Amino acid sequence: PMKLLDATQPLCSKGKIPTGSLAGEPSAGHNRIDLKSATLDPVMEEIPTLGGMISRRPHYGLSAERAHYYVIQFRGRIQPGWKKMLTDRGIEVLGYLPQNAYLVKGPSTTLSLPRETRDVRWVGHYEPLFKLAPQLLEKARQSFENTLSADERALPVDVRIWTFPGEDGERIAGDLQRLSPPFQLEYVEPGTAGEGKPLPAAIRLSVLPDELAGFLDAASNLEEVYFIEEGYTPHYHLENAYWIHQSYSNTGNINTAATIWNKGLLGEGQVYSANDSGVDLSFCFMERSSATVAYTSNTCGAAGAPPAE
């Protein structure tokens, strides 16, 4: 799965849609929080609801007995001592959010930080809207506003849900089946430990466009959900490219699919590099470690054996 929550790098890129509703004077750029799905000054602007399509506040309750996910924005460029101040309060820093903000996991008392220290400008919940990819929001909006054609409504939308690291993907999938509109579950990839750290779980599913807005609202309100994006199927483009270096036969160019080889373009005189998941030490190019081998069309010999010294 994709790498998440590097506290030294921005967690989300600058958002394009939507901006918050203005509730005061325009704010300075460094006071805005830039997310994939929204860019707003949380002190001066309301968090948008997209016409009621996405909830303004999480539906889950707050409990002093467990930790929750919050966004903390500071009053300027984050100083090294401020992160220590958070960890001393039992708050775990998960990642950086531009501008001057952290995504954190901490106790309910995290909400009182602006009253306890002037270094903290704002603390708020990690809102449902913050978890949604713009492209998926746009598809949900089109369905919500009834602007899709009949053919478009019949095509299921692939969705991928990422949990916060260490959260139970199977349990979250079960919660979704109980709370949300119907969907087709494809698989759950549980988060595993990597380099001593828990990793996020991934949930892949499909949902009809007419159910998408309701599904996204329900899914984004699950506190353990970190991000929801449109799923995709990888498409490989090596079906033709691999023939360039695997199909040439110097006993007659028998593979006519390798047109570049059959035109006499054999790579002679070129610098060649290959990346792979492993090295075959018996491969002819690896046979002679004591000398540089000049590449020609017959370097490996007709039978794949290394040429004579």
Side-chain angles (χ1 to χ4, degrees), residues 1-4 11-19 34-39 47-60 126-164 167-191 199-241:
M2 64 182 179
K3 183 178 180 181
L4 297 178
L11 191 62
C12 299
S13 62
K14 276 196 172 183
K16 301 298 183 185
I17 59 168
T19 58
D34 295 323
L35 302 153
K36 287 185 180 293
S37 57
T39 174
I47 296 172
T49 64
L50 305 185
M53 187 176 75
I54 301 299
S55 301
R56 166 64 178 83
R57 284 292 186 186
H59 294 158
Y60 53 81
Y126 186 55
E127 292 277 351
L129 177 65
F130 298 170
K131 307 177 182 184
L132 299 170
Q135 297 87 346
L136 204 54
L137 273 175
E138 177 60 20
K139 286 193 173 184
R141 183 193 63 77
Q142 291 175 351
S143 175
F144 191 70
E145 296 177 354
N146 199 29
T147 60
L148 295 177
S149 67
D151 289 340
E152 289 172 324
R153 290 182 181 278
L155 292 175
V157 179
D158 289 331
V159 176
R160 192 198 312 261
I161 297 175
W162 297 95
T163 74
F164 281 101
E167 300 290 0
D168 187 340
E170 294 284 356
R171 183 183 61 77
I172 293 170
D175 289 344
L176 284 171
Q177 289 175 319
R178 178 171 54 87
L179 297 172
S180 75
F183 62 89
Q184 178 64 46
L185 180 65
E186 304 294 340
Y187 65 80
V188 178
E189 181 180 333
L199 297 176
I203 303 169
R204 183 72 177 268
L205 54 92
S206 60
V207 59
L208 289 173
D210 283 345
E211 308 287 357
L212 185 58
F215 174 83
L216 293 182
D217 189 44
S220 61
N221 268 285
L222 293 178
E223 186 175 15
E224 302 87 352
V225 169
Y226 160 69
F227 198 68
I228 307 173
E229 62 185 351
E230 190 168 1
Y232 61 91
T233 301
H235 295 282
Y236 301 100
H237 302 279
L238 296 178
E239 286 83 356
N240 295 318

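Quick caveat, the model's predicted, so the values are computed rather than measured.
- Without hydrogens or angle criteria, Y187 side chain to A202 main chain gives no donor-acceptor distance under 3.5 Å.
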Decide side-chain contact (heavy atoms from CB on, under 4.5 Å) for N221 and L179; before the verdict, give the C-alpha distance in whole Å, the side-chain angles of both, and the deciding distance to 0.1 Å.
CA-CA 10 Å; N221 268 285; L179 297 172; over 6 Å; no
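- Smallest separation of non-hydrogen atoms from L35 and F130: CD1-CD2, 3.2 Å.
- V207 places none of its side-chain heavy atoms less than 4.5 Å from the side chain of P181.
- For the pair L185 and I203, the minimum side-chain heavy-atom distance is below 4.5 Å.
- The minimum heavy-atom distance between V188 and G169, with the atom names listed, is CG1-C, 3.7 Å.
- Distance alone, capped at 3.5 Å, places no donor-acceptor pair between the E211 side chain and the L208 backbone.
- Between atom OG1 of residue T39 and atom CG of residue D34 there is a gap of 4.0 Å, rounded to the nearest 0.5 Å.
- Using a 4.0 Å cut-off between charged side-chain N and carboxylate O, K36 and E229 make no salt bridge.
- Atom NZ in K139 sits 8.5 Å away from atom CG in L155 (nearest 0.5 Å).
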Kindly indicate, with the supporting measurements, whether the criterion side-chain contact (heavy atoms from CB on, under 4.5 Å) is fulfilled by L205 and F215.
CA-CA 11 Å; L205 54 92; F215 174 83; 3.6 Å; yes
Could you go step by step and tell me if K131 and W162 meet the side-chain contact (heavy atoms from CB on, under 4.5 Å) rule?
CA-CA 9 Å; K131 307 177 182 184; W162 297 95; over 6 Å; no
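- Residue L212 comes nearest to A140 through the heavy atom pair CD2-N, 3.6 Å, listed as atom of the first residue, atom of the second, then distance.
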Report the C-alpha separation of M53 and L137 in whole Å, then their side-chain angles, then the decisive distance to 0.1 Å, and conclude whether the side-chain contact (heavy atoms from CB on, under 4.5 Å) test is met.
CA-CA 10 Å; M53 187 176 75; L137 273 175; 3.9 Å; yes
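- One finds the CD atom of E230 at 6.0 Å from the CG atom of L136 (value rounded to the nearest 0.5 Å).
- With R204 contributing its side chain and Y232 its backbone, the two residues share a donor-acceptor pair below 3.5 Å.
- To the nearest 0.5 Å, atoms CG (L176) and CZ (R171) are separated by 10.0 Å.
- For the pair F144 and A213, the tightest heavy-atom approach, listed with the atom from each and the gap, is CD1-CB, 4.0 Å.
- Ring orientation note: the planes of Y226 and F164 are nearly perpendicular, at an angle over 60° on the 30°/60° scale.
- The shortest distance between side-chain heavy atoms of I161 and L222 does not fall below 4.5 Å.
- Contact annotation: the side chain of F227 never approaches that of R160 to less than 4.5 Å [non-hydrogen atoms, C-beta and beyond].
- Across every non-hydrogen atom of P209 and L148, the tightest pair is CB-CD1, 3.7 Å.
- Contact annotation: the side chain of S143 approaches that of R153 to within less than 4.5 Å [non-hydrogen atoms, C-beta and beyond].
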